[in-house]
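We name chains A, B, ... by the order of the sequence lines, and we start the count at 1 in each one.
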Number of protein chains: 2
Amino acid sequence: MAPPQGANPCDQCALRRLDAFLAPSGDELRTIQSFRVGARRVEAGSSIIDEHRPSPQLFTLYSGWAFRYKTLSDGRRQILSFLLPGDFLGLQDEFADGQTHGVEAVTDVTLCAFPRERLWGLFHAQPKLGYDITWLAAREEKLVDDNLVTTGRRNAGERVAMLLMHLYRRALRVGMERDGWAEFPFNQQHIADALGLSLVHTNKTLRRLQRLGLYRIDGGWLRIMEPRALEALGDYFERPMRPTPLI
Amino acid sequence: MAPPQGANPCDQCALRRLDAFLAPSGDELRTIQSFRVGARRVEAGSSIIDEHRPSPQLFTLYSGWAFRYKTLSDGRRQILSFLLPGDFLGLQDEFADGQTHGVEAVTDVTLCAFPRERLWGLFHAQPKLGYDITWLAAREEKLVDDNLVTTGRRNAGERVAMLLMHLYRRALRVGMERDGWAEFPFNQQHIADALGLSLVHTNKTLRRLQRLGLYRIDGGWLRIMEPRALEALGDYFERPMRPTPLI
DNA sequence: CGACTCATTGATCACCATCAAAGAACGTGG
DNA sequence: CCACGTTCTTTGATGGTGATCAATGAGTCG
(Lines give C-alpha, C1' and ligand atoms only; values in the text may rest on other atoms or scores of the structure.)
Protein backbone atom coordinates (compact mmCIF):
# COMPACT_ATOMS: atom_id res chain seq x y z
CA MET A 1 0.00 0.00 0.00
CA ALA A 2 2.92 2.37 0.56
CA PRO A 3 4.37 4.34 -2.34
CA PRO A 4 7.51 2.87 -3.90
CA GLN A 5 10.85 3.83 -2.34
CA GLY A 6 14.21 4.34 -3.93
CA ALA A 7 15.74 6.48 -6.59
CA ASN A 8 12.86 6.77 -9.06
CA PRO A 9 9.75 6.00 -7.06
CA CYS A 10 7.31 7.55 -9.53
CA ASP A 11 8.46 5.16 -12.25
CA GLN A 12 6.97 2.30 -10.32
CA CYS A 13 3.91 4.07 -9.04
CA ALA A 14 1.08 1.54 -8.91
CA LEU A 15 -1.54 4.22 -9.45
CA ARG A 16 -0.10 5.09 -12.82
CA ARG A 17 -0.94 1.64 -14.09
CA LEU A 18 -4.64 2.37 -13.80
CA ASP A 19 -6.64 3.45 -16.81
CA ALA A 20 -8.10 6.18 -14.67
CA PHE A 21 -4.96 8.28 -15.06
CA LEU A 22 -3.26 9.93 -17.99
CA ALA A 23 0.31 8.97 -18.72
CA PRO A 24 2.64 11.95 -18.37
CA SER A 25 5.56 12.53 -20.67
CA GLY A 26 9.02 11.53 -19.48
CA ASP A 27 9.85 15.14 -18.74
CA GLU A 28 6.71 15.65 -16.79
CA LEU A 29 7.22 12.52 -14.76
CA ARG A 30 10.75 13.58 -13.92
CA THR A 31 9.52 16.98 -12.83
CA ILE A 32 6.85 15.45 -10.65
CA GLN A 33 9.42 13.17 -9.11
CA SER A 34 11.78 15.99 -8.31
CA PHE A 35 8.91 17.98 -6.85
CA ARG A 36 8.12 15.12 -4.53
CA VAL A 37 9.81 15.16 -1.14
CA GLY A 38 8.69 11.82 0.25
CA ALA A 39 5.85 9.77 1.58
CA ARG A 40 3.71 10.07 4.66
CA ARG A 41 1.55 7.63 6.49
CA VAL A 42 -1.50 8.57 8.54
CA GLU A 43 -3.59 6.10 10.43
CA ALA A 44 -7.33 5.73 10.31
CA GLY A 45 -9.15 8.50 12.11
CA SER A 46 -6.16 10.83 12.34
CA SER A 47 -5.81 14.28 10.89
CA ILE A 48 -3.91 14.80 7.65
CA ILE A 49 -4.36 18.55 7.49
CA ASP A 50 -5.47 20.48 10.52
CA GLU A 51 -8.57 22.55 9.98
CA HIS A 52 -7.06 25.76 11.27
CA ARG A 53 -3.37 25.47 10.48
CA PRO A 54 -2.26 25.76 6.87
CA SER A 55 -0.20 22.80 5.78
CA PRO A 56 3.33 23.42 4.50
CA GLN A 57 2.87 20.52 2.14
CA LEU A 58 0.65 19.43 -0.67
CA PHE A 59 -0.25 15.78 -1.07
CA THR A 60 -1.42 13.24 -3.53
CA LEU A 61 -3.39 10.52 -1.83
CA TYR A 62 -1.68 7.28 -2.74
CA SER A 63 -3.73 4.69 -0.89
CA GLY A 64 -6.76 4.68 1.39
CA TRP A 65 -9.74 6.95 1.92
CA ALA A 66 -9.98 10.40 3.44
CA PHE A 67 -12.33 13.35 3.53
CA ARG A 68 -12.28 17.13 3.62
CA TYR A 69 -14.46 18.79 6.25
CA LYS A 70 -15.32 21.99 8.05
CA THR A 71 -16.72 22.43 11.54
CA LEU A 72 -18.78 25.22 13.01
CA SER A 73 -17.68 26.57 16.36
CA ASP A 74 -20.28 24.55 18.24
CA GLY A 75 -19.01 21.32 16.76
CA ARG A 76 -21.43 20.71 13.90
CA ARG A 77 -19.39 19.13 11.14
CA GLN A 78 -19.89 19.04 7.40
CA ILE A 79 -17.93 16.71 5.16
CA LEU A 80 -17.20 18.59 1.94
CA SER A 81 -15.96 15.73 -0.22
CA PHE A 82 -14.33 12.34 -0.02
CA LEU A 83 -10.81 11.69 -1.24
CA LEU A 84 -9.58 8.59 -3.02
CA PRO A 85 -6.22 7.56 -4.42
CA GLY A 86 -5.05 10.02 -7.04
CA ASP A 87 -6.73 13.01 -5.45
CA PHE A 88 -4.59 16.07 -4.86
CA LEU A 89 -4.98 17.82 -1.53
CA GLY A 90 -3.98 21.04 0.09
CA LEU A 91 -4.13 23.26 -2.94
CA GLN A 92 -6.76 25.56 -1.48
CA ASP A 93 -4.52 26.47 1.44
CA GLU A 94 -2.22 28.16 -1.01
CA PHE A 95 -4.71 30.90 -1.66
CA ALA A 96 -7.10 30.98 1.27
CA ASP A 97 -5.24 32.88 3.99
CA GLY A 98 -5.71 30.11 6.50
CA GLN A 99 -9.48 29.98 6.27
CA THR A 100 -9.66 26.52 4.96
CA HIS A 101 -10.78 22.99 5.68
CA GLY A 102 -9.44 19.99 7.51
CA VAL A 103 -8.59 16.63 6.00
CA GLU A 104 -8.96 13.40 7.97
CA ALA A 105 -8.08 9.81 7.13
CA VAL A 106 -10.94 7.31 7.10
CA THR A 107 -8.69 4.28 6.69
CA ASP A 108 -4.96 4.03 7.10
CA VAL A 109 -3.62 6.22 4.36
CA THR A 110 -0.39 6.86 2.49
CA LEU A 111 0.43 10.09 0.72
CA CYS A 112 3.08 11.52 -1.53
CA ALA A 113 4.21 14.90 -0.19
CA PHE A 114 5.23 18.01 -2.10
CA PRO A 115 6.59 21.28 -0.72
CA ARG A 116 4.07 24.05 -1.03
CA GLU A 117 6.68 26.76 -1.56
CA ARG A 118 7.72 25.14 -4.82
CA LEU A 119 4.24 25.11 -6.32
CA TRP A 120 4.79 28.24 -8.34
CA GLY A 121 8.12 26.86 -9.50
CA LEU A 122 6.31 23.79 -10.79
CA PHE A 123 3.96 25.92 -12.87
CA HIS A 124 6.94 27.81 -14.18
CA ALA A 125 9.04 24.77 -15.05
CA GLN A 126 6.23 22.71 -16.57
CA PRO A 127 3.16 24.70 -17.54
CA LYS A 128 1.48 21.45 -18.52
CA LEU A 129 1.60 20.32 -14.90
CA GLY A 130 0.11 23.63 -13.90
CA TYR A 131 -2.69 23.00 -16.34
CA ASP A 132 -3.16 19.55 -14.85
CA ILE A 133 -3.38 20.94 -11.35
CA THR A 134 -6.04 23.37 -12.51
CA TRP A 135 -7.84 20.42 -14.00
CA LEU A 136 -7.78 18.60 -10.69
CA ALA A 137 -8.96 21.72 -8.89
CA ALA A 138 -11.87 22.10 -11.29
CA ARG A 139 -12.83 18.48 -10.88
CA GLU A 140 -12.75 18.85 -7.12
CA GLU A 141 -15.05 21.84 -7.35
CA LYS A 142 -17.48 19.84 -9.44
CA LEU A 143 -17.70 17.33 -6.61
CA VAL A 144 -18.53 20.03 -4.13
CA ASP A 145 -21.08 21.51 -6.52
CA ASP A 146 -22.83 18.16 -6.63
CA ASN A 147 -22.74 17.82 -2.87
CA LEU A 148 -24.20 21.27 -2.49
CA VAL A 149 -27.13 20.34 -4.70
CA THR A 150 -27.58 17.27 -2.56
CA THR A 151 -27.70 19.00 0.80
CA GLY A 152 -29.63 21.94 -0.58
CA ARG A 153 -32.32 20.20 -2.58
CA ARG A 154 -32.48 16.45 -2.13
CA ASN A 155 -34.44 14.68 0.60
CA ALA A 156 -32.95 11.99 2.79
CA GLY A 157 -33.62 9.04 0.50
CA GLU A 158 -32.33 10.89 -2.53
CA ARG A 159 -29.22 11.96 -0.66
CA VAL A 160 -28.32 8.46 0.38
CA ALA A 161 -28.98 7.07 -3.08
CA MET A 162 -26.80 9.72 -4.66
CA LEU A 163 -23.95 9.21 -2.22
CA LEU A 164 -23.90 5.43 -2.55
CA MET A 165 -23.77 5.59 -6.34
CA HIS A 166 -21.18 8.31 -6.26
CA LEU A 167 -18.80 6.53 -3.91
CA TYR A 168 -19.31 3.21 -5.63
CA ARG A 169 -18.41 4.65 -9.01
CA ARG A 170 -15.36 6.40 -7.72
CA ALA A 171 -14.12 3.30 -5.92
CA LEU A 172 -14.46 1.19 -9.07
CA ARG A 173 -12.58 3.75 -11.05
CA VAL A 174 -9.43 3.36 -9.01
CA GLY A 175 -9.69 -0.39 -8.64
CA MET A 176 -10.97 -0.57 -5.06
CA GLU A 177 -13.27 -3.38 -6.04
CA ARG A 178 -13.58 -7.16 -5.90
CA ASP A 179 -16.29 -9.23 -7.53
CA GLY A 180 -18.68 -6.33 -7.77
CA TRP A 181 -18.12 -5.23 -4.20
CA ALA A 182 -16.46 -1.86 -3.60
CA GLU A 183 -14.49 -0.84 -0.55
CA PHE A 184 -16.72 1.09 1.78
CA PRO A 185 -14.94 1.95 5.02
CA PHE A 186 -17.41 4.57 6.25
CA ASN A 187 -19.55 4.49 9.31
CA GLN A 188 -22.96 6.09 9.46
CA GLN A 189 -21.58 9.17 11.15
CA HIS A 190 -19.44 9.85 8.08
CA ILE A 191 -22.46 9.51 5.83
CA ALA A 192 -24.58 11.73 8.04
CA ASP A 193 -21.87 14.40 8.12
CA ALA A 194 -21.53 14.30 4.36
CA LEU A 195 -25.24 14.51 3.69
CA GLY A 196 -26.23 17.10 6.26
CA LEU A 197 -28.48 14.65 8.08
CA SER A 198 -28.59 13.48 11.67
CA LEU A 199 -27.05 10.15 12.54
CA VAL A 200 -30.38 8.63 13.48
CA HIS A 201 -32.16 9.69 10.36
CA THR A 202 -29.26 8.50 8.24
CA ASN A 203 -29.56 5.10 9.81
CA LYS A 204 -33.28 4.89 9.21
CA THR A 205 -32.90 5.95 5.60
CA LEU A 206 -30.08 3.49 4.95
CA ARG A 207 -32.11 0.66 6.42
CA ARG A 208 -35.12 1.58 4.35
CA LEU A 209 -33.18 1.48 1.08
CA GLN A 210 -31.47 -1.69 2.12
CA ARG A 211 -34.79 -3.39 2.90
CA LEU A 212 -35.89 -2.42 -0.59
CA GLY A 213 -32.96 -4.46 -1.84
CA LEU A 214 -31.20 -1.55 -3.53
CA TYR A 215 -27.78 -2.20 -2.04
CA ARG A 216 -25.91 -4.21 0.57
CA ILE A 217 -23.08 -3.31 2.91
CA ASP A 218 -21.08 -6.02 4.58
CA GLY A 219 -17.82 -5.84 6.46
CA GLY A 220 -16.69 -2.58 4.93
CA TRP A 221 -17.71 -3.51 1.38
CA LEU A 222 -20.56 -2.11 -0.65
CA ARG A 223 -22.51 -3.80 -3.40
CA ILE A 224 -25.05 -2.00 -5.51
CA MET A 225 -27.92 -4.35 -6.32
CA GLU A 226 -30.12 -1.93 -8.26
CA PRO A 227 -27.98 0.78 -9.85
CA ARG A 228 -30.82 2.02 -12.05
CA ALA A 229 -33.17 2.41 -9.13
CA LEU A 230 -30.57 4.27 -7.08
CA GLU A 231 -29.67 6.54 -9.97
CA ALA A 232 -33.30 7.33 -10.59
CA LEU A 233 -34.03 7.90 -6.93
CA GLY A 234 -31.06 10.21 -6.52
CA ASP A 235 -31.60 11.85 -9.91
CA TYR A 236 -27.89 11.37 -10.33
CA PHE A 237 -26.54 9.94 -13.55
CA GLU A 238 -22.79 10.05 -13.79
CA ARG A 239 -21.09 9.33 -17.06
CA PRO A 240 -17.81 7.46 -17.10
CA MET A 241 -15.04 9.89 -16.41
CA ARG A 242 -12.18 10.68 -18.74
CA PRO A 243 -8.74 9.74 -17.49
CA THR A 244 -7.40 12.54 -15.31
CA PRO A 245 -3.92 13.76 -14.56
CA LEU A 246 -2.03 12.37 -11.62
CA ILE A 247 0.50 14.59 -9.90
CA MET B 1 -20.58 49.77 -17.35
CA ALA B 2 -19.31 48.18 -20.57
CA PRO B 3 -15.65 47.19 -20.91
CA PRO B 4 -13.45 49.69 -22.77
CA GLN B 5 -13.29 49.40 -26.56
CA GLY B 6 -10.44 50.07 -28.92
CA ALA B 7 -6.90 48.90 -29.46
CA ASN B 8 -5.81 48.30 -25.89
CA PRO B 9 -8.96 47.85 -23.88
CA CYS B 10 -7.32 46.15 -20.90
CA ASP B 11 -5.12 49.18 -20.32
CA GLN B 12 -8.16 51.17 -19.37
CA CYS B 13 -10.00 48.45 -17.52
CA ALA B 14 -11.90 50.07 -14.68
CA LEU B 15 -11.72 46.94 -12.56
CA ARG B 16 -7.94 47.08 -12.51
CA ARG B 17 -8.07 50.35 -10.61
CA LEU B 18 -9.57 48.61 -7.61
CA ASP B 19 -7.39 47.57 -4.70
CA ALA B 20 -9.11 44.23 -4.82
CA PHE B 21 -7.00 43.13 -7.75
CA LEU B 22 -3.30 42.53 -8.25
CA ALA B 23 -1.54 44.51 -10.92
CA PRO B 24 -0.16 42.25 -13.64
CA SER B 25 3.17 42.87 -15.30
CA GLY B 26 3.17 44.52 -18.71
CA ASP B 27 3.82 41.20 -20.37
CA GLU B 28 1.01 39.53 -18.54
CA LEU B 29 -1.41 42.30 -19.35
CA ARG B 30 -0.51 42.10 -23.02
CA THR B 31 -1.03 38.35 -22.99
CA ILE B 32 -4.40 38.73 -21.34
CA GLN B 33 -5.37 41.31 -23.90
CA SER B 34 -4.41 39.13 -26.82
CA PHE B 35 -6.28 36.21 -25.24
CA ARG B 36 -9.39 38.34 -25.07
CA VAL B 37 -11.73 38.16 -28.06
CA GLY B 38 -14.30 40.78 -27.14
CA ALA B 39 -17.10 41.76 -24.86
CA ARG B 40 -20.56 40.40 -24.37
CA ARG B 41 -23.67 41.82 -22.84
CA VAL B 42 -26.41 39.76 -21.20
CA GLU B 43 -29.54 41.22 -19.77
CA ALA B 44 -30.99 40.61 -16.36
CA GLY B 45 -32.56 37.18 -16.02
CA SER B 46 -30.96 35.73 -19.14
CA SER B 47 -28.64 32.80 -19.39
CA ILE B 48 -24.90 33.36 -19.74
CA ILE B 49 -23.92 29.71 -19.91
CA ASP B 50 -26.52 27.08 -20.58
CA GLU B 51 -26.70 24.36 -17.97
CA HIS B 52 -26.41 21.51 -20.43
CA ARG B 53 -24.35 22.89 -23.29
CA PRO B 54 -20.65 23.53 -22.73
CA SER B 55 -19.69 27.07 -23.57
CA PRO B 56 -17.01 27.63 -26.20
CA GLN B 57 -15.88 30.68 -24.29
CA LEU B 58 -14.55 31.61 -20.90
CA PHE B 59 -15.52 34.89 -19.32
CA THR B 60 -14.48 37.41 -16.78
CA LEU B 61 -17.48 39.17 -15.34
CA TYR B 62 -16.88 42.86 -15.90
CA SER B 63 -20.01 44.46 -14.45
CA GLY B 64 -23.18 43.27 -12.78
CA TRP B 65 -24.19 40.24 -10.76
CA ALA B 66 -24.70 36.63 -11.81
CA PHE B 67 -24.91 33.20 -10.24
CA ARG B 68 -23.97 29.61 -10.98
CA TYR B 69 -26.69 27.00 -10.48
CA LYS B 70 -27.77 23.43 -11.07
CA THR B 71 -31.27 22.05 -11.40
CA LEU B 72 -32.63 18.59 -10.73
CA SER B 73 -34.79 17.04 -13.40
CA ASP B 74 -38.00 17.95 -11.58
CA GLY B 75 -37.05 21.62 -11.49
CA ARG B 76 -35.64 22.03 -8.01
CA ARG B 77 -32.83 24.53 -8.34
CA GLN B 78 -29.73 25.12 -6.24
CA ILE B 79 -27.62 28.23 -6.59
CA LEU B 80 -23.99 27.20 -6.16
CA SER B 81 -22.38 30.60 -5.82
CA PHE B 82 -22.81 34.22 -6.76
CA LEU B 83 -20.55 35.98 -9.23
CA LEU B 84 -19.33 39.56 -9.01
CA PRO B 85 -17.08 41.67 -11.20
CA GLY B 86 -13.66 40.10 -11.50
CA ASP B 87 -14.91 36.54 -11.22
CA PHE B 88 -13.78 34.11 -13.87
CA LEU B 89 -16.42 31.77 -15.29
CA GLY B 90 -16.59 28.70 -17.43
CA LEU B 91 -13.38 27.08 -16.33
CA GLN B 92 -15.08 23.93 -15.06
CA ASP B 93 -16.53 23.19 -18.48
CA GLU B 94 -13.04 22.62 -19.72
CA PHE B 95 -12.68 19.48 -17.67
CA ALA B 96 -16.17 18.26 -16.89
CA ASP B 97 -17.36 16.51 -20.05
CA GLY B 98 -20.48 18.58 -20.25
CA GLN B 99 -21.78 17.72 -16.81
CA THR B 100 -21.62 21.17 -15.46
CA HIS B 101 -23.64 24.10 -14.19
CA GLY B 102 -25.54 26.99 -15.67
CA VAL B 103 -24.76 30.67 -15.21
CA GLU B 104 -27.50 33.30 -15.19
CA ALA B 105 -27.38 37.07 -14.99
CA VAL B 106 -29.13 38.69 -12.02
CA THR B 107 -28.70 42.23 -13.32
CA ASP B 108 -27.69 43.39 -16.74
CA VAL B 109 -24.17 42.13 -17.10
CA THR B 110 -21.10 42.71 -19.24
CA LEU B 111 -18.36 40.18 -19.74
CA CYS B 112 -14.96 39.89 -21.34
CA ALA B 113 -14.81 36.78 -23.50
CA PHE B 114 -11.89 34.41 -24.08
CA PRO B 115 -11.72 31.44 -26.44
CA ARG B 116 -11.67 28.19 -24.56
CA GLU B 117 -9.47 26.44 -27.08
CA ARG B 118 -6.62 28.78 -26.30
CA LEU B 119 -6.65 28.15 -22.57
CA TRP B 120 -3.82 25.66 -22.68
CA GLY B 121 -1.88 28.06 -24.87
CA LEU B 122 -2.26 30.69 -22.19
CA PHE B 123 -0.79 28.41 -19.56
CA HIS B 124 2.03 27.64 -21.93
CA ALA B 125 2.81 31.22 -22.88
CA GLN B 126 2.51 32.68 -19.41
CA PRO B 127 2.72 30.16 -16.59
CA LYS B 128 2.06 32.96 -14.14
CA LEU B 129 -1.38 33.44 -15.64
CA GLY B 130 -1.97 29.72 -15.32
CA TYR B 131 -1.07 29.99 -11.69
CA ASP B 132 -3.48 32.89 -11.34
CA ILE B 133 -6.29 30.91 -12.90
CA THR B 134 -5.65 28.10 -10.47
CA TRP B 135 -5.81 30.68 -7.72
CA LEU B 136 -9.20 31.84 -8.92
CA ALA B 137 -10.42 28.27 -9.20
CA ALA B 138 -9.31 27.54 -5.65
CA ARG B 139 -11.03 30.66 -4.37
CA GLU B 140 -14.21 29.67 -6.14
CA GLU B 141 -14.09 26.26 -4.53
CA LYS B 142 -13.73 27.86 -1.13
CA LEU B 143 -16.99 29.72 -1.75
CA VAL B 144 -18.77 26.50 -2.56
CA ASP B 145 -17.26 24.82 0.49
CA ASP B 146 -18.72 27.56 2.65
CA ASN B 147 -22.10 27.26 0.99
CA LEU B 148 -22.07 23.53 1.51
CA VAL B 149 -21.50 24.01 5.23
CA THR B 150 -24.39 26.43 5.22
CA THR B 151 -26.94 24.20 3.56
CA GLY B 152 -25.69 21.13 5.37
CA ARG B 153 -25.42 22.38 8.92
CA ARG B 154 -26.88 25.86 9.49
CA ASN B 155 -30.51 26.54 10.35
CA ALA B 156 -32.58 29.11 8.52
CA GLY B 157 -31.61 32.14 10.60
CA GLU B 158 -27.95 31.23 10.47
CA ARG B 159 -28.11 30.73 6.73
CA VAL B 160 -29.62 34.11 6.07
CA ALA B 161 -27.18 35.84 8.40
CA MET B 162 -24.25 34.16 6.71
CA LEU B 163 -25.43 35.00 3.23
CA LEU B 164 -26.13 38.65 3.96
CA MET B 165 -22.70 39.17 5.47
CA HIS B 166 -21.04 37.28 2.69
CA LEU B 167 -22.66 39.20 -0.14
CA TYR B 168 -22.24 42.51 1.63
CA ARG B 169 -18.51 41.96 2.08
CA ARG B 170 -18.00 40.89 -1.49
CA ALA B 171 -19.93 43.85 -2.84
CA LEU B 172 -17.86 46.31 -0.81
CA ARG B 173 -14.67 44.72 -2.03
CA VAL B 174 -15.39 45.58 -5.64
CA GLY B 175 -16.80 49.00 -4.94
CA MET B 176 -20.51 48.23 -5.34
CA GLU B 177 -21.25 50.44 -2.41
CA ARG B 178 -22.51 53.90 -1.55
CA ASP B 179 -22.67 55.43 1.91
CA GLY B 180 -22.60 52.08 3.62
CA TRP B 181 -25.26 50.58 1.38
CA ALA B 182 -24.25 47.72 -0.91
CA GLU B 183 -25.92 46.77 -4.16
CA PHE B 184 -28.33 43.94 -3.54
CA PRO B 185 -30.28 43.07 -6.68
CA PHE B 186 -31.61 39.72 -5.46
CA ASN B 187 -35.17 38.69 -4.88
CA GLN B 188 -36.21 36.24 -2.22
CA GLN B 189 -36.33 33.41 -4.71
CA HIS B 190 -32.61 33.86 -5.36
CA ILE B 191 -31.89 33.75 -1.66
CA ALA B 192 -34.08 30.72 -1.14
CA ASP B 193 -32.39 28.89 -4.02
CA ALA B 194 -28.96 29.71 -2.67
CA LEU B 195 -29.73 28.63 0.88
CA GLY B 196 -31.69 25.47 0.19
CA LEU B 197 -34.83 26.89 1.80
CA SER B 198 -38.35 27.36 0.51
CA LEU B 199 -39.43 30.77 -0.65
CA VAL B 200 -41.95 31.16 2.14
CA HIS B 201 -39.59 30.22 4.90
CA THR B 202 -36.91 32.47 3.47
CA ASN B 203 -39.35 35.34 3.62
CA LYS B 204 -40.28 34.65 7.21
CA THR B 205 -36.67 34.37 8.26
CA LEU B 206 -35.65 37.57 6.48
CA ARG B 207 -38.48 39.46 8.12
CA ARG B 208 -37.57 38.14 11.52
CA LEU B 209 -33.96 39.29 11.25
CA GLN B 210 -35.07 42.60 9.83
CA ARG B 211 -37.49 43.18 12.70
CA LEU B 212 -34.56 42.55 15.03
CA GLY B 213 -32.86 45.49 13.34
CA LEU B 214 -29.92 43.49 12.03
CA TYR B 215 -30.11 44.77 8.47
CA ARG B 216 -32.20 46.73 6.02
CA ILE B 217 -32.94 46.24 2.35
CA ASP B 218 -34.36 49.07 0.30
CA GLY B 219 -34.74 49.43 -3.43
CA GLY B 220 -32.08 46.91 -4.31
CA TRP B 221 -29.58 48.09 -1.71
CA LEU B 222 -28.51 46.37 1.46
CA ARG B 223 -27.30 47.93 4.68
CA ILE B 224 -25.92 45.90 7.54
CA MET B 225 -26.94 47.50 10.83
CA GLU B 226 -25.44 44.95 13.21
CA PRO B 227 -22.49 43.23 11.56
CA ARG B 228 -21.31 41.67 14.81
CA ALA B 229 -24.69 40.17 15.53
CA LEU B 230 -25.01 38.75 12.03
CA GLU B 231 -21.51 37.33 12.09
CA ALA B 232 -22.16 35.71 15.44
CA LEU B 233 -25.52 34.36 14.39
CA GLY B 234 -24.12 32.89 11.20
CA ASP B 235 -20.89 31.76 12.89
CA TYR B 236 -19.22 33.28 9.87
CA PHE B 237 -16.24 35.53 10.33
CA GLU B 238 -14.55 36.46 7.11
CA ARG B 239 -11.20 38.16 7.17
CA PRO B 240 -10.40 40.82 4.61
CA MET B 241 -9.28 39.12 1.43
CA ARG B 242 -5.92 39.56 -0.19
CA PRO B 243 -5.92 41.16 -3.62
CA THR B 244 -6.59 38.48 -6.21
CA PRO B 245 -5.57 38.11 -9.83
CA LEU B 246 -7.80 39.45 -12.56
CA ILE B 247 -7.76 37.72 -15.91
C1' DC C 1 -56.95 49.64 -15.31
C1' DG C 2 -55.62 44.84 -15.66
C1' DA C 3 -51.72 41.68 -15.85
C1' DC C 4 -47.64 40.45 -13.92
C1' DT C 5 -44.02 39.84 -10.53
C1' DC C 6 -42.63 39.86 -5.96
C1' DA C 7 -43.35 40.22 -0.87
C1' DT C 8 -46.02 38.91 3.03
C1' DT C 9 -48.78 36.31 6.23
C1' DG C 10 -51.60 32.48 8.24
C1' DA C 11 -52.72 27.52 8.53
C1' DT C 12 -51.48 22.84 8.24
C1' DC C 13 -48.43 19.06 7.83
C1' DA C 14 -44.30 16.17 7.13
C1' DC C 15 -39.68 15.38 7.24
C1' DC C 16 -36.15 15.11 9.93
C1' DA C 17 -33.84 16.32 14.62
C1' DT C 18 -33.52 15.05 19.15
C1' DC C 19 -33.93 12.07 23.13
C1' DA C 20 -33.52 7.62 25.01
C1' DA C 21 -32.20 3.01 25.21
C1' DA C 22 -30.93 -1.42 23.73
C1' DG C 23 -28.39 -4.62 20.62
C1' DA C 24 -24.23 -6.08 17.97
C1' DA C 25 -19.39 -6.33 17.15
C1' DC C 26 -14.80 -6.01 18.69
C1' DG C 27 -10.74 -5.59 21.50
C1' DT C 28 -8.62 -5.74 26.04
C1' DG C 29 -7.42 -7.22 30.42
C1' DG C 30 -8.32 -9.90 34.43
C1' DC D 1 -12.20 -17.60 28.30
C1' DC D 2 -15.27 -14.50 29.87
C1' DA D 3 -16.37 -9.79 31.66
C1' DC D 4 -16.37 -5.34 30.44
C1' DG D 5 -15.57 -1.03 27.91
C1' DT D 6 -15.85 1.08 23.60
C1' DT D 7 -17.65 1.99 19.22
C1' DC D 8 -21.13 1.54 16.02
C1' DT D 9 -25.85 0.26 14.67
C1' DT D 10 -30.68 -0.03 15.36
C1' DT D 11 -35.27 1.16 16.91
C1' DG D 12 -39.08 3.70 19.17
C1' DA D 13 -41.14 8.06 20.87
C1' DT D 14 -41.71 12.92 20.64
C1' DG D 15 -41.28 17.53 18.98
C1' DG D 16 -39.83 21.35 16.04
C1' DT D 17 -38.07 23.41 11.93
C1' DG D 18 -39.17 24.28 7.71
C1' DA D 19 -42.21 22.70 3.46
C1' DT D 20 -46.48 23.23 1.36
C1' DC D 21 -50.96 25.29 0.49
C1' DA D 22 -53.65 29.33 0.06
C1' DA D 23 -54.57 34.03 -0.24
C1' DT D 24 -53.78 38.93 0.03
C1' DG D 25 -50.96 43.13 -0.50
C1' DA D 26 -47.63 46.07 -2.91
C1' DG D 27 -45.29 47.75 -6.80
C1' DT D 28 -44.50 48.11 -11.86
C1' DC D 29 -45.44 48.09 -16.65
C1' DG D 30 -47.99 48.29 -20.88
Considering every strand and a 4.0 Å limit on heavy-atom distances, what is the contact class for A:Gly157: base, sugar-phosphate, or nothing? nothing
Within the 4.0 Å heavy-atom criterion, would you say B:Asn187 contacts the bases, only the backbone, or no part of the nucleic acid? sugar-phosphate
Whole-Å gap separating C1' (C:dA17) and CZ (A:Arg76): 12 Å
Roughly, in whole Å, what's the span from CZ in A:Arg159 to C1' in C:dC16? 9 Å
Could you work out which one of C:dT9, C:dT18, C:dC16 sits closest to the side chain of A:Ser198? C:dT18
CG-CZ distance between B:Asp218 and B:Arg223, expressed to the nearest 0.5 angstrom: 11.5 Å
So A:Tyr236 and A:His166, would you call those rings parallel, tilted or perpendicular, with 30° and 60° as cut-offs? perpendicular
Measure the shortest side-chain to side-chain distance between A:Thr151 and A:Gln78 over non-hydrogen atoms and say whether it is less than 4.5 angstrom. yes
From A:Ile247 atom CD1 to A:Cys112 atom SG, the distance as rounded to the nearest 0.5 Å: 11.5 Å
Locate the shortest heavy-atom distance separating A:Glu158 from A:Leu233; write the atom from each residue and the value. CG-O, 3.2 Å
With nearest nucleotides of DNA chain D determined for A:Arg153 and A:Leu206 from heavy-atom distances, which residue corresponds to the more 5′ nucleotide? A:Leu206
Close residues, residues 64-73 of chain B, relative to DNA chain C [heavy-atom separation under 4.0 Å]: none
Most 5' of A:Arg154 and B:Lys204 on DNA chain C, judged by nearest nucleotide: B:Lys204
Nearest-angstrom distance from the residue atom CG of B:Asp218 to C1' of C:dC6: 15 Å
Candidates C:dC19, C:dC16, C:dT9 - which lies nearest the side chain of A:Leu197: C:dC16
Spacing between B:His201 atom NE2 and C:dT8 atom P, to the nearest angstrom: 15 Å
Quick check for you: name the first and last nucleotides of DNA chain D, 5' to 3', having an atom under 4.0 Å from a heavy atom of chain A. D:dC8 to D:dA13
Salt bridge or not between B:Arg169 and B:Glu177? Use side-chain N to carboxylate O under 4.0 Å. no
Check this for me: does any side-chain nitrogen of one of B:Asp74 and B:Arg76 sit under 4.0 Å from a carboxylate oxygen of the other? yes
For A:Asp193 and C:dA17, give me the distance from atom CG to atom P, rounded to whole Å. 12 Å
Pairwise distance CG(B:Leu163) to OG1(B:Thr205) - rounded to 0.5 angstrom: 12.0 Å
With a distance cut-off below 6.0 Å to the six-membered ring centre and an angular limit of 45° from the axis, does B:Arg139 pair with A:Phe95 as a cation-pi contact? no
Taking only side-chain nitrogens and oxygens of B:Asn203, does any of them come within less than 4.0 Å of OP1 or OP2 of C:dT8? yes
